[in-house]
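Read the structure below first, then the notes.
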Amino acid sequence: MKHYHYIFAGSGLSALMTVYKMAQAGKLTDKPILLLDSSSKQQNDRTWCFWENGNGKWDTIVSKQWDSAWFHGSDFKKKLDFGSYKYKMVKGIDFYSHILSKLANHSNITIVQQKVINFTDHDTHVQVNTEAENYTCDKLFNSIYSPETAAKGKYPVLQQHFKGWFIKTKTPFFDDSKATFMDFSIPQKGNTRFMYVLPKSPTTALLEYTLFSEHLLPEEEYDSAIKEYLTNLGITDYEITETEKGCIPMTSYPFWKNNTKNILNIGSAGGWTKASTGYTFKNTDKKTEELIAFLGKETDFRKFYKKNRFWFYDLLLLDILYRSNEKGGSIFSAMFKKGKASLIFKFLDEETSLSEDLKVIATCPKSLFVKALLRNIF
């Protein structure tokens with residue numbers, strides 16, 4: 001069996017970002033690395049959005065950014081002032097192309113299109129089995145998410161599931177200086193449902209129908225909702241140029257407990273997705289920075305974890321949404337109606353002080369969170 005220093009099971013966002021930063025830090029020059037994935041990463045399979053204070057390291061692949069946005073509750077509309085924040089969009093294919101072109105300069109990095117079916121920590125090494133071959137390595141980074149793992153715990157598991165249409169209109173319609181961050185004015189149907197509108201030009205935009213709920217919808221229901229939304233906007237003459245769909249796990253399950261001495265779960269498989277929102281890109285950026293620093297001083301992957309107060313905040317929100325899924329719209333509407341968008345973004349990025357936490361929490365429906373707090377304490 002071929003032996004590598006590091007193997008990455010899965011080569012999505014977290015794996016590629018980790019390897020890229022390893023290369024930037026000069027940590028890969030003498031170490032053979034293998035990335036395994038069933039996908040070649042040669043197509044646009046997703047879009048990531050994130051907010052960021054000012055300019056950032058990924059700006060060269062940001063396809064569009066907005067300084068402000070609209071938020072729609074069931075009974076109000078508010079223009080959000082982002083302050084110094086910008087809401088940024090990165091297309092998956094742009095990220096993949098950027099990273100893979102950089103990694104191509106490193107002869108010690110091998111990328112193989114094979115599906116990983118199993119891996120085992122044998123203490124002295126890790127064995128990795130794919131459908132075609134078997135490999136061994138000193139350390140394994142696993143980003144293949146297992147729904148069964150999270151379902152075994154006592155923590156609620158929801159899905160952020162969505163479908164998006166990239167459309168082009170025949171005449172100018174959109175104000176591409178502003179996004180629609182969340183539109184909860186659409187029918188909720190007993191769930192937390194909202195629409196994103198991310199205009200790239202006066203005639204092009206991504207419209208994404210998104211739910212936070214336990215179960216997925218039939219395919220045609222996503223399409224029907226987007227079509228109805230467009231009709232209500234007065235857009236009837238348009239072309240669908242591209243579609244995307246996805247499902248992101250939302251859970252406070254302690255994935256780090258499944259790490260072993262030589263196997264580290266990363267990405268959604270490691271709990272790197274922000275549990276209360278499903279946002280992934282910014283969290284992954286932060287976690288990879290922590291991981292690179294960790295690798296410089298530690299070898300036991302069981303030591304790589306940190307649980308903070310934001311983990312508990314997320315747990316309370318997920319507890320509410322799991323028990324009363326229809327409450328999501330009212331919770332987010334209360335936050336953005338009463339609070340400053342820039343402070344909420346800072347809070348969701350887990351960068352606020354305790355006093356700032358309390359300002360954001362004070363905007364939320366108190367009875368819901370008090371009940372969730374008591375349930376999780378007692």
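Below, each value reflects all heavy atoms present in this structure, side chains not excepted, and no hydrogens, waters or symmetry copies.
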Do you know which two heavy atoms are closest between C247 and L216, and how far apart they sit? SG-CD2, 3.7 Å

Between Y222 and E220, is there a side-chain donor-acceptor contact under 3.5 Å, judged purely by atom types and distance? no

Would you call K64 and D176 a salt bridge, using N to O less than 4.0 angstrom? yes

Take Q113 and S39 through the side-chain hydrogen bond (donor to acceptor under 3.5 Å, both in side chains) test and state the conclusion after the steps. CA-CA 6 Å; Q113 189 175 348; S39 168; 6.0 Å; no

Which pairs with one or both residues in residues 109-130 pass ring-ring contact (aromatic ring centres under 6.0 Å, His included), sequence neighbours excluded? H122-H125

Can we call the ring centroids of F71 and F181 under 6.0 Å apart? no

Answer with yes or no after comparing the ring centroid distance for Y20 and H98 against a 6.0 Å cut-off, counting only values under it. yes

Taking all non-hydrogen atoms of both residues, which atom of A69 and which atom of F82 are closest, and how far apart? CB-CZ, 3.5 Å

Can you see whether D223 engages W165 through a side-chain donor-acceptor pair at a distance of less than 3.5 angstrom? yes

Is it true that K88 and D59 make a salt bridge, defined as a side-chain N closer than 4.0 Å to a carboxylate O? yes

Would you call K359 and E356 a salt bridge, taking side-chain N to carboxylate O under 4.0 Å as the test? no

Does the distance from a Lys or Arg side-chain N to an Asp or Glu carboxylate O, for E242 and K91, drop under 4.0 Å? yes

Aromatic ring proximity, centroids under 6.0 angstrom, Y313 and F347: yes

Under 4.0 Å between a side-chain nitrogen and a carboxylate oxygen: does that hold for K163 and E244? no

Within the 6.0 Å centroid threshold, strictly below: Y238 and F173: no

Check D121 with K261, please: is the shortest side-chain N to carboxylate O separation under 4.0 Å? no

Are any of the side-chain nitrogens in E239 or K168 under 4.0 Å away from the carboxylate oxygens of its partner? no

With sequence neighbours left out, what residues match E298 under salt bridge (charged side-chain N to carboxylate O under 4.0 Å, His left out)? K303

Atom of A150, atom of V157 and distance for their closest heavy-atom approach: O-CG2, 3.8 Å

Could you tell me if E326 and N191 have a donor-acceptor pair between their side chains, going purely by distance under 3.5 Å? no

Y279-W51 aromatic ring centre distance below 6.0 Å: yes

Check whether the side chains of S330 and S333 place a donor and an acceptor atom closer than 3.5 Å, and report yes or no. no

Salt bridge or not for K340 and D81, using N-O below 4.0 Å? no

Basic-acidic side-chain contact under 4.0 Å: K286, E351: yes

Can D349 and K346 be said to form a salt bridge (Lys or Arg N to Asp or Glu O under 4.0 Å), step by step? CA-CA 5 Å; D349 277 342; K346 187 178 179 183; over 6 Å; no

When every non-hydrogen atom of F369 is compared with those of C364, the smallest separation belongs to CE1-CB, 3.6 Å

Step by step, would you call T352 with D357 a side-chain hydrogen bond (donor to acceptor under 3.5 Å, both in side chains)? CA-CA 6 Å; T352 44; D357 294 353; 2.4 Å; yes

Quick one: which of D314, T280, T284, N283 gives a side-chain hydrogen bond (donor to acceptor under 3.5 Å, both in side chains) with K274? D314

Answer yes if the ring centres of Y209 and Y229 are under 6.0 angstrom apart, and no otherwise. no

Got a salt bridge between K77 and D183, using NZ or NE/NH1/NH2 to carboxylate O under 4.0 Å? no

Do you know which two heavy atoms are closest between R193 and L211, and how far apart they sit? NE-CD2, 3.4 Å

